[in-house]
A.B. asks: 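Could you have a look at this structure, given as C-alpha cells, before my questions?
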Amino acid sequence: MAQISLTFPDGNSKQVEAGITPAEVAAGISNSLAKKAISATVNGRHYDLQWPITEDATIAIHTMKDEAEALELIRHDAAHIMARAVQEIWPDVKVTIGPVIENGWYYDFDREEPFTPEDLGLIEAKMKEIINRRDPVTTEVWDRDRAIKFYEANNEPYKVELVEAIPEGEPIRMYWHGHWQDLCRGPHLQHTGQVPADAFKLMKVAGAYWRGDSNNPMLQRIYGVGFLNRDGLKKYLNFLEEAEKRDHRRLGREMDLFHLQEEAPGQIFWHPNGWRIYTTLQDYMRRQQEKGGYVEVNTPQVIDRKLWEQSGHWEKYQDNMFIVEVDEEHAREKTVNALKPMNCPGHVQIFNQGLKSYRDLPLRIAEFGSCNRYEPSGALHGIMRVRGFVQDDAHIFCTEEQIESETKKFIDFLAKIYADLGFDDWTVKFSDRPDKRAGSDAVWDKAEHALAQATEHAGYEFTVNPGEGAFYGPKLEFVLTDAIGRDWQLGTLQVDFVLPERLDANYIGEDGAKHRPVMLHRATLGSFERFIGILIEEHAGKLPFWIAPRQVVVASIVSDADDYVLEVVEALKAAGVRAEADIRNEKINYKVREHSVGKVPVILAIGMKEVAERTVSLRRLGDKHTKVVALDEIVADLAAEALPPDLR
RNA sequence: GCCGCAGUAGCUCAGUGGUAGAGCGCACCCUUGGUAAGGGUGAGGUCGGGAGUUCAAUCCUCCCCUGCGGCACCA
C-alpha cells in the first residue's frame with residue numbers, strides 16, 4: 001500500500017498508509033480524541049471521519065469545541081434525524097432534501113395531510129428518542145444504477161430524481177443513521193448521540209415547491225434550529241423575542257406612524273407621526289439630489305397602454321400592473337391605461353423633448369415617483385413590500401464611457417446617505433447577464449466590467465448573483481437586513497441598453513450624428529416605504545433625533561407649571577424643533593412612561609422649581625438619570641441637534 | 001399566486017350551539033402628584049364578509065377577503 005504524508009496543525013507530519021480515515025488518525029493519537037472527534041478538515045475540505053484519505057494532506061481533527069464545524073454537523077445530522085423521525089411515525093411520507101441553513105436546517109417532505117403544530121411535538125419527541133439510541137452513522141459510495149433501483153424499490157421518486165441529477169464523476173454517497181438511510185454528500189457525525197438532545201427545536205411548517213420551481217408540486221417543509229447546547233438555543237429564542245419588539249409593524253402601531261386596512265391591501269395610511277418621518281426624509285433626499293447634480297421632475301400616474309406597449313412593460317410586466325379602463329360616453333373605443341409601475345418610460349419622454357447634445361450628458365433626471373404594482377398577495381409584508389410606494393428614482397442618461405464614472409459617483413452618493421441615516425452594515429450584490437437577455441455579448445462585457453470596476457473603485461466588495469441581472473442589463477443591489485436578519489434590497493443601480501432603443505432616445509454627438517444614450521436606473525433609498533420600515537427596525541424605533549417625528553415632549557409635573565410648559569414648547573418650535581406639550585392631568589411617572597413607549601427622544605419635565613429658575617429637567621430616551629438645564633441653553637442645543645446631518 | 005395558521009372592543013387576548021368577557025387605551029370625576037402605569041365611574045362589539053346546516057350560529061360546514069410564517073415572485 002502506498003504511503004502518504006499527513007501534516008497536523010502543529011506542523012508535525014507523519015507517514016501513513018493511503019486510505020487511512022480521519023477516525024483512524026484520531027484513534028492513533030488518543031482514545032479520548034477518537035471518542036470526541038466529530039469530523040476533520042483535510043486539505044481545506046470538511047471531511048467525514050470515515051472518508052479515506054488517499055493523498056498527501058494537511059489534517060485537523062475537529063471536536064465539539066470547533067464551533068463552526070460542530071454546528072454544521074449538528075444541524076445536518078439533525079435534519080436527517082428529523083426525516084427519520086417523520087418516516088418512523090408516518091412510513092408513507094416521501095423524503096426529498098434537507099440542507100443546513102442559518103441557525104438550523106429544514107427538510108422537505110411529500111405527504112398528503114399537512115403537518116400540524118402538534119405533529120412537530122411528536123417529531124421532536126421521536127428525534128430525542130433516536131438521539132438517545134446513539135445509532136452509528138455509516139457511509140458508502142454507490143453506483144448510479146444501484147441507487148436508482150434502490151429508491152425505485154423504496155418508492156422514493158424524489159430521491160430517484162436527485163440521484164439522476166448528480167453529475168457524472170461525482171460520488172453518489174449513501175448515509176445510514178442506524179437502519180435509516182439517506183442520499184447525502186456528508187460529512188456527518190459518528191453517531192446520533194452526538195447531536196445535543198436539548199439544544200434544538202422545530203420551529204414551523206411551511207409550503208415549498210419541489211426544487212424551488214412554482215410549476216412543481218408543493219412539498220411540506222419543516223424548519224428546525226439547532227445549537228451546541230441548551231444555552232445557545234435559549235439565546236436564539238431570546239433573540240427572536242427581542243426582534244419581535246423591533247418589528248416595524250408593531251412599532252408603527254405603538255408610535256402611531258401608519259396603518260393598513262383591508263380595503264387597500266398593500267397601501268399605507270400614513271398617520272401624522274409617520275408622515276413627518278416621510279417628509280423629513282424626502283426633504284433631505286431632495287437636498288442631496290440637488291447637490292448630486294440631479295434635476296427633479298414629475299410624470300403622470302395614469303398612462304395609455306400604447307406607451308407601455310412601446311416600452312415593453314405591457315408584454316413583460318402586465319401581470320404586475322394595475323390596469324385602468326376608461327369607458328367614455330360617446331367614445332368609439334374605450335381607452336386602456338395603466339397606473340405606472342415604474343418611472344423610466346416617463347423620464348425618457350422628458351429626455352426626448354427637444355434635441356439633446358452630448359454636452360447635456362450625463363443628464364440625471366430624478367423623481368419621487370409614485371408607483372403602483374400589483375404584487376402577488378403572498379409577497380405583501382407590512383410597509384416593506386407594498387403595492388403603492390414612492391421611489392427616490394432617477395435615470396441617468398449617459399454614454400457608455402460614462403457608465404463607470406457615474407456608477408462610482410452614485411455609490412459614493414449612496415454610501416454617504418446611508419451613513420447619514422445610521423447604516424454602516426450593508427452589502428452589495430452584483431447580478432450579471434441572464435440567459436434570456438437583450439444586447440450583444442460585447443456590450444454586456446463592457447457594462448459588467450464598468451459596474452464591477454466602479455464598485456471596487458468606490459471601495460466596496462460585492463457578491464455575485466450569477467444570471468440574475470435584468471434582461472436589459474446588469475445590476476447592483478444594495479442590501480440591508482431587517483430585525484430578524486431577512487435581506488431587503490433598497491438601493492439599486494441598473495444599466496439599460498434596451499429602453500433607450502425601444503423609446504427611441506438619442507442625442508447628437510461630437511461627430512454631429514445621432515447616438516443612443518445608455519440609461520442607468522438608480523434608486524438610493526429604493527422606496528420610502530421600505531426604507532422607513534428598515535429604518536424603524538434598525539433603530540428599534542429610537543430614530544435619530546433629526547428624523548424622530550416627535551422630538552420633544554414638554555410635560556408638566558403640576559398644573560401651575562402649564563403656562564411655562566407652553567412657553568417652552570413655543571420657544572422650541574420657533575427654533576425648529578418638533579415639540580409638543582403634555583399638560584394632561586396625569587402624574588409625571590405616567591407621562592414619562594407613555595412617551596418612552598412612544599419612543600420620544602427627549603422629555604422635558606417642568607415643576608415649580610423649573611418655573612422659578614427658568615430651566616427644564618431633561619430626560620433622554622433610555623436614560624435613567626435627568627439633568628436640569630437652562631431654557632435658553634436647551635433650546636439652542638436641541639435646535640442644533642434637530643438639524644439634518646447635511647445642514648449642520 | 002401556492003402551502004399552512006389566524007381574524008372576537010382602538011390594542012393584546014379569553015370564551016360559548018341559546019346574540020360576549022378581561023387588561024390596557026378612551027370619556028367623565030376625584031387627585032397637583034418630581035422622572036417607566038394614582039383612584040373611581042362610564043361608554044364602547046353586525047364576534048372579517050357571504051351562503052348553508054339548525055328551532056337557534058360568534059361557535060359547525062362551504063366560498064370569499066385580509067393578515068401572519070414560509071415558498072414562488074421582486075425591472
Side-chain angles (χ1 to χ4, degrees), chain A residues 106 108 111 113-117 119 203-223 247 249-250 253-254 256 259-266 311-313 316-317 319-320 341-345 371 373-382 384-386 391 393 431 434 468-473 475 477 484 486 488-489 492 494-496 498-499 519 521 523 526 530 555-562 583 585-598 603-610 617-628:
Chain A
Y106 66 76
D108 287 347
R111 178 186 184 221
E113 312 80 53
F115 290 111
T116 65
D119 289 343
M203 302 297 286
K204 56 200 173 195
V205 193
Y209 296 109
W210 167 235
R211 301 189 137 187
D213 184 336
S214 57
N215 296 313
N216 287 338
M218 183 157 275
L219 307 168
Q220 294 189 62
R221 175 173 297 180
I222 302 178
Y223 284 91
D247 190 308
R249 292 164 297 190
R250 174 175 172 156
R253 191 170 4 55
E254 288 174 358
D256 195 15
H259 82 271
L260 294 98
Q261 63 185 52
E262 64 177 279
E263 290 83 353
S311 70
H313 287 79
K316 303 259 183 206
Y317 205 66
D319 285 352
N320 283 289
M342 292 173 209
N343 309 299
C344 20
C371 297
R373 296 182 188 170
Y374 190 82
E375 299 286 3
S377 56
L380 302 180
H381 180 83
M384 308 262 239
R385 184 83 182 266
V386 287
Q391 296 178 313
D393 200 8
S431 299
E468 292 290 309
F471 73 91
Y472 53 65
K475 62 181 179 181
E477 293 174 27
I484 61 168
R486 290 182 288 209
W488 291 91
Q489 182 209 305
T492 181
Q494 302 167 10
V495 182
D496 184 356
V498 172
L499 201 60
M519 260 174 103
H521 304 242
R530 180 177 291 180
S556 56
I557 296 169
V558 293
S559 55
D560 283 345
D562 288 358
I583 54 174
N585 177 14
E586 296 292 352
K587 292 198 169 187
I588 192 65
N589 288 314
Y590 183 91
K591 295 181 184 181
V592 165
R593 178 184 147 78
E594 186 175 286
H595 298 122
S596 299
V597 169
I603 298 171
L604 302 179
I606 309 280
M608 292 320 285
K609 195 166 137 255
E610 286 76 14
S617 170
L618 166 78
R619 182 190 166 113
R620 298 237 175 214
L621 181 58
D623 280 1
K624 286 263 157 41
H625 63 273
T626 62
K627 191 172 138 196
V628 175

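Order of the sequence lines fixes the chain letters, A, B, ..., with proteins taken first and strands second; residue numbering starts at 1 for each chain.
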A.B. asks: Taking side chain as C-beta onward, heavy atoms only, is N320(A) less than 4.5 Å from E375(A)?
C.D. replies: yes
A.B. asks: For the side chain of R249(A), starting at C-beta, report the closest nucleotide among C68(B), A36(B), G67(B).
C.D. replies: C68(B)
A.B. asks: Just to be sure I understand the rule, does A470(A) reach a base, reach only the sugar-phosphate, or reach nothing, if contact means heavy atoms closer than 4.0 Å?
C.D. replies: nothing
A.B. asks: Base, sugar-phosphate alone, or nothing: which one does M608(A) contact when heavy atoms must sit under 4.0 Å apart?
C.D. replies: base
A.B. asks: Can you find a side chain N or O atom of R486(A) that sits less than 4.0 Å from OP1 or OP2 on G69(B)?
C.D. replies: yes
A.B. asks: Considering only side-chain heavy atoms of P114(A), which listed nucleotide, U32(B), G70(B), G4(B), is closest?
C.D. replies: G4(B)
A.B. asks: Remember a base hit wins even if backbone is also touched, and classify K591(A) as base, sugar-phosphate or nothing at under 4.0 Å, heavy atoms.
C.D. replies: nothing
A.B. asks: Would you say Q489(A)'s side chain and G526(A)'s backbone share a donor-acceptor pair under 3.5 angstrom?
C.D. replies: no
A.B. asks: Which listed nucleotide (G69(B), C71(B), U32(B)) is nearest to the side chain of Y209(A)?
C.D. replies: C71(B)
A.B. asks: Under a 3.5 Å cut-off for both contacts, is A56(B) paired Watson-Crick or G-U wobble with anything, and if yes, with which nucleotide?
C.D. replies: none
A.B. asks: Does G10(B) have OP1 or OP2 sitting under 4.0 Å from an N or O in the side chain of R253(A)?
C.D. replies: no
A.B. asks: Just call it for E113(A): base, sugar-phosphate, or nothing, with non-hydrogen atoms closer than 4.0 Å on any strand.
C.D. replies: nothing
A.B. asks: Do the side chains of R530(A) and W488(A) get nearer than 4.5 Å, heavy atoms only?
C.D. replies: yes
A.B. asks: Taking any heavy-atom pair under 4.0 Å as a contact, classify P265(A): base, sugar-phosphate, or nothing.
C.D. replies: sugar-phosphate
A.B. asks: Name the nucleic acid region contacted by G382(A), choosing base, sugar-phosphate or nothing; use a 4.0 angstrom heavy-atom cut-off, strictly under.
C.D. replies: sugar-phosphate
A.B. asks: Between CZ of R619(A) and NE2 of H625(A), what distance do you get to the nearest 0.5 Å?
C.D. replies: 9.5 Å
A.B. asks: Treat primed atoms plus P, OP1 and OP2 as sugar-phosphate and everything else as base, then score nucleotides 38-48 of chain B 5' to 3': B for base contact with protein heavy atoms under 4.0 Å, S for sugar-phosphate contact only, - for none.
C.D. replies: S----------
A.B. asks: Take atom P in U8(B) and the same atom in C60(B), then report the distance between them in whole Å.
C.D. replies: 15 Å
A.B. asks: Let's see if you can work this out: which of G1(B), A36(B), C71(B) has an atom nearest to the side-chain heavy atoms of Y223(A)?
C.D. replies: C71(B)
A.B. asks: Distance alone, cut at 3.5 Å: any donor-acceptor contact between the side chains of E594(A) and S596(A)?
C.D. replies: no
A.B. asks: Apply side chain to side chain donor-acceptor pair (under 3.5 Å) to residues D119(A) and T116(A) and explain how you reach the verdict.
C.D. replies: CA-CA 5 Å; D119(A) 289 343; T116(A) 65; 3.3 Å; yes
A.B. asks: Starting at the 5' end of RNA chain B, which residue's closest nucleotide do you reach first, G212(A) or I603(A)?
C.D. replies: I603(A)
A.B. asks: Stepwise, does the salt bridge (Lys or Arg N to Asp or Glu O under 4.0 Å) test hold for R249(A) with D247(A)?
C.D. replies: CA-CA 5 Å; R249(A) 292 164 297 190; D247(A) 190 308; 2.5 Å; yes
A.B. asks: Within the pair H381(A) and G69(B), is there a side-chain N or O less than 4.0 Å away from OP1 or OP2?
C.D. replies: yes
A.B. asks: R221(A) side chain N/O closer than 4.0 Å to the phosphate oxygens (OP1, OP2) of G69(B)?
C.D. replies: no
A.B. asks: Could you pick out which residue, L219(A) or R385(A), lies toward the 5' side of RNA chain B when each is mapped onto its nearest nucleotide?
C.D. replies: L219(A)
A.B. asks: Is it true that D108(A) and R211(A) make a salt bridge, defined as a side-chain N closer than 4.0 Å to a carboxylate O?
C.D. replies: no
A.B. asks: Does a side-chain N or O of R619(A) approach OP1 or OP2 of A36(B) to a distance below 4.0 Å, or not?
C.D. replies: yes
A.B. asks: Could you work out the separation of G45(B) and G40(B) based on their P atoms and round it to a whole Å?
C.D. replies: 24 Å
A.B. asks: Using a cut-off of 4.0 Å on non-hydrogen atoms, how would the nucleic acid contact of A208(A) be classed: base, sugar-phosphate, or nothing?
C.D. replies: sugar-phosphate
A.B. asks: Among A36(B), A72(B), G67(B), which is the nearest nucleotide to the side chain of L380(A)?
C.D. replies: G67(B)
A.B. asks: Could you identify the nucleotide paired to G67(B), looking across every strand shown and requiring Watson-Crick or G-U wobble geometry with both distances under 3.5 Å?
C.D. replies: C5(B)
A.B. asks: Check whether any side-chain N or O of S377(A) sits under 4.0 Å from OP1 or OP2 of G1(B), and answer yes or no.
C.D. replies: yes
